[in-house]
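Throughout, protein chains are lettered first and strands after them, A, B, ... in sequence-line order, and every chain is numbered starting at 1.
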Protein chains: 2
Amino acid sequence: MYSLSEENYLKAIYHLEQQATAEVSTNAIAERMQTKASSVTDMIKKLADKDLLTYKKYKGVSLTDSGTRTALRIIRKHRLWEVFLVEKLQFKWHQVHDLAEQLEHIQSQELVNRLDDFLGNPQYDPHGDPIPDSEGNIKRRDKKLLGQLEANQSATCIGVKSASDDFLKYLSKNNIGIGSKLNVQEAEPFTGALTVKVGETTLFLTKEIANNIYVTLIKS
Amino acid sequence: MYSLSEENYLKAIYHLEQQATAEVSTNAIAERMQTKASSVTDMIKKLADKDLLTYKKYKGVSLTDSGTRTALRIIRKHRLWEVFLVEKLQFKWHQVHDLAEQLEHIQSQELVNRLDDFLGNPQYDPHGDPIPDSEGNIKRRDKKLLGQLEANQSATCIGVKSASDDFLKYLSKNNIGIGSKLNVQEAEPFTGALTVKVGETTLFLTKEIANNIYVTLIKS
DNA sequence: ATATATTTTTAGACTTGTCTAAATTATAGC
DNA sequence: GCTATAATTTAGACAAGTCTAAAAATATAT
Ligand SMILES: [Mn+2]
Ligand SMILES: [Mn+2]
Ligand SMILES: [Mn+2]
Ligand SMILES: [Mn+2]
C-alpha cells in the first residue's frame with residue numbers, strides 16, 4: 001500500500017499533530033525523523049499528492065482523514081506487536097520499541113486482527129499508550145503528570161511521556177512500571193523534586209523524571 | 001545488515017543451489033525472482049563484492065560460506081514465523097508463505113531465538129520443511145515422492161515439493177496434510193496415477209499431484 | 001519599517017534497485 | 001569449424017528517497 005518511508009512520515013506527523021496546536025512544520029518533522037528539511041519537503045509533496053495530508057508551501061501540513069486513518073493503522077500494529085513482544089516473548093518494556101518499528105510495517109489486516117485476538121484484545125501497550133481498534137478509534141484517558149501532584153496524594157502509574165531506553169531502564173531499576181502505586185511524601189517547592197514511596201521503598205525523583213510519568217489519582 | 005533485496009536473492013540462490021548440481025545460472029535466478037536477467041547480473045556483482053557468493057562472468061554463481069550462513073538465517077526466520085502463524089494465530093498452511101516472506105526480514109537475532117523458544121523449538125515448518133538451528137545446522141531427512149510408491153505400500157506425508165496456494169488448498173480439501181497416513185491401493189502404470197486411501201476415503205491422485213508429495217514409508 | 005535571522009523550498013546530485021535495448025559470449029547443430 | 005540461437009552482460013535510463021548548497025519566503029528585532 002504505502003512505502004516504509006511514507007508510513008514512518010505519516011506516523012511522525014500524527015504524533016506531532018497530537019502535541020502541537022497549529023499546522024506541523026517542516027523542521028519539526030525533520031527533527032523527529034532525524035532527517036533534513038529538504039527531504040521532508042520532498043516527501044510531504046508526495047503525501048499531499050496522495051491526499052494523505054494538506055500542504056501549503058511555507059505553511060506546514062495537517063493530515064487528512066485518510067492520512068489519520070492510515071497513521072492509526074500503523075500505530076495499532078506498532079503497539080500490538082509491542083504487547084506481543086513483552087507478554088509472549090518476555091522482552092522488557094525498554095527493548096521493544098525498535099523491533100516494533102520494523103514490525104509495524106508488515107502488510108496484512110488479517111494478521112494484525114488475529115494478533116489482537118491472540119493477545120486478548122489488549123487496550124494498552126507496554127508503555128501505557130492506548131491501542132486503536134480496527135476502526136481506528138482510540139481511547140483518550142485523562143492523565144496527570146506525577147510532577148503535578150502534591151504531598152500526601154496517591155496515584156497509579158499509567159504511562160510514560162518519553163519512552164527512551166535509559167528512562168525506562170531507570171524506572172524499572174526503581175521498581176516503577178505501569179500499574180505501580182506511587183505515594184507522594186513530599187514535594188519540594190523550589191526544585192520541583194518529589195519524595196515518593198513505591199511499595200516499601202522511598203525514592204527521590206527529580207522534577208524532570210516526575211514530569212515524564214503519567215498517573216491517575218487514587219481518591220482517598 | 002543486508003537489504004531486503006539482497007536477502008531475497010541470497011535465499012533464492014540457496015534454494016536453487018540445493019536442487020542444481022552445478023553453478024546457479026543468471027536466468028535461473030531471474031526466473032525464480034520474477035525479474036530480468038540484467039537485474040540479476042547487477043545484484044550478483046554486489047553480492048560478490050560483499051563476499052556472499054563467487055561469480056565468474058558467464059559462469060554462474062555459488063554461495064560462499066558466509067552467503068550460505070546468511071541464507072540459512074533468513075530461512076530459519078521464515079519457517080519459524082510460519083510456525084507461529086499456523087500454531088498461534090490459526091492461519092492455514094496455504095496462507096502463511098507471503099506473510100513469512102515479509103517477516104523473515106525483521107532484523108533481530110534476539111527476537112528469532114525467543115520466538116524459537118516460545119514455539120517450543122519446532123523442528124519442521126507447516127509445510128514439513130526443516131528449520132535450521134541458530135548455528136545454521138539443518139537436518140535432512142530421506143524422503144520419497146508419493147509417486148514412487150507401489151501398490152499396497154503405506155507411507156506418512158512429511159512434506160510438499162511445491163507449496164503453491166492452489167496445491168495446498170487441494171490437499172487440505174482432500175484431508176491430506178503433514179502426518180497423514182496414505183495407503184496406495186493401486187498404481188496405474190501407464191499414467192502414473194495412484195489410487196490412495198486416506199483414512200476412510202479413497203482418492204484418485206494424478207501423477208503430477210503424487211510427485212509433489214513427500215512421504216516416508218511405513219514398514220509393515 | 002527595514003535589516004537580520006530563521007525557516008522552507010528548489011536545484012542538482014547521489015545510491016539502490018530496477019528496466020529496455022544493444023552488444024557480447026557461450027552453446028548446439030550440422 | 002562455422003553458423004544460428006540462446007544466455008549473459010553492458011549501456012543508459014528511470015523512480016524512490018536522500019543529501020548539500022543556494023535561493024526564496026517568512027519571522028524577529030530594533
Ligand atoms: Mn517504522
Ligand atoms: Mn509503545
Ligand atoms: Mn522475502
Ligand atoms: Mn514453509
> Which residues satisfy the side chain to side chain contact (heavy atoms under 4.5 Å, CB included) test with Y58(A), sequence neighbours excluded?
Replying inline: none
> Hey, what bend do you get for the helix from dA1(C)-dT30(D) to dC30(C)-dG1(D) if you fit axes on five pairs at each end, rounded to 10°?
Replying inline: 0°
>> Can you see if the side chain of S3(A) gets near the phosphate of dG17(D) - specifically, an N or O under 4.0 Å from OP1 or OP2?
In response: yes
>> So, using side chain to side chain contact (heavy atoms under 4.5 Å, CB included) as the criterion, who are the partners of R69(A) when residues are at least two apart?
In response: D65(A), S66(A)
Taking distance alone, no hydrogens or angles, what donor-acceptor pairs closer than 3.5 Å link side-chain atoms of residues 122-139 of chain B to residues at least two apart or in another chain?
residue: Q123(B); atom: OE1; partner: K139(B); partner atom: NZ; Å: 2.8
residue: Q123(B); atom: NE2; partner: N121(B); partner atom: O; Å: 3.1
residue: Y124(B); atom: OH; partner: R141(B); partner atom: NE; Å: 3.4
residue: D125(B); atom: OD1; partner: H127(B); partner atom: N; Å: 2.7
residue: D125(B); atom: OD1; partner: G128(B); partner atom: N; Å: 3.1
residue: D125(B); atom: OD1; partner: D129(B); partner atom: N; Å: 3.0
residue: H127(B); atom: ND1; partner: E82(B); partner atom: OE1; Å: 3.1
residue: H127(B); atom: NE2; partner: W93(B); partner atom: O; Å: 2.8
residue: D133(B); atom: OD1; partner: E135(B); partner atom: N; Å: 2.8
residue: D133(B); atom: OD1; partner: G136(B); partner atom: N; Å: 2.9
residue: D133(B); atom: OD1; partner: N137(B); partner atom: N; Å: 3.0
residue: D133(B); atom: OD1; partner: N137(B); partner atom: ND2; Å: 3.4
residue: D133(B); atom: OD2; partner: N137(B); partner atom: ND2; Å: 3.0

> What integer distance in Å separates I44(B):CD1 from dT9(D):C1'?
Replying inline: 9 Å
> Any idea which heavy atoms bring K45(A) and Y55(A) closest together, and the distance?
Replying inline: CG-CE2, 4.0 Å
>> Expressed as a whole number of angstroms, how long is the span from L4(B):CG to dT15(C):P?
In response: 21 Å
>> Please give me every residue in residues 5-35 of chain B whose heavy atoms get under 4.0 Å of an atom in DNA chain D, ordered by residue number.
In response: S25(B), T26(B), N27(B)
>> Within residues 45-53 of chain B, which residues have any heavy atom lying less than 4.0 Å from an atom of DNA chain C?
In response: K46(B)
Indicate every side-chain donor-acceptor pair of residues 12-35 of chain B with a distance under 3.5 Å to a residue at least two apart or in another chain.
residue: E17(B); atom: OE2; partner: L63(B); partner atom: N; Å: 2.7
residue: S25(B); atom: OG; partner: A28(B); partner atom: N; Å: 3.1

> L217(A): what forms a side chain to side chain contact (heavy atoms under 4.5 Å, CB included) with it, not counting sequence neighbours?
Replying inline: K144(A), L149(A), Q153(A)
> When you check the side-chain N and O atoms of T216(B) and T156(B), is any donor under 3.5 Å from an acceptor?
Replying inline: no
> Hey, do the aromatic rings of Y2(A) and Y9(A) have their centres closer than 6.0 Å?
Replying inline: no
>> Output the rounded distance in Å from NZ (K57(B)) to P (dA26(C)).
In response: 10 Å
>> How many whole angstroms separate atom CG of D42(A) from atom C1' of dT9(C)?
In response: 9 Å
> Is there a side-chain polar atom (N or O) of Y55(A) under 4.0 Å from OP1 or OP2 of dT9(C)?
Replying inline: yes
Tabulate protein N/O versus nucleotide N/O from nucleotides 20-23 of chain C, keeping only pairs under 3.5 Å, one per line.
residue: dT20(C); atom: O4; partner: S38(B); partner atom: OG; Å: 3.0

>> Going by the rule side chain to side chain contact (heavy atoms under 4.5 Å, CB included), which residues pair with A210(A) if we only count those two or more places apart in sequence or in a different chain?
In response: L146(A), L194(A)
> Can you name the ring pair (Phe, Tyr, Trp, His ring centres under 6.0 Å) partners of H97(A), sequence neighbours left out?
Replying inline: H78(A)
> Can you name the residues that form a salt bridge (Lys or Arg N to Asp or Glu O under 4.0 Å) with D165(A), not counting sequence neighbours?
Replying inline: K169(A)
>> Tell me whether K88(A) forms a cation-pi arrangement with F118(A), defined as NZ or CZ under 6.0 Å from the six-membered ring centre and within 45 degrees of its axis.
In response: yes
> Strictly by modelled atom types, are Q107(B) and E7(B) linked by a side-chain donor-acceptor pair under 3.5 Å?
Replying inline: yes
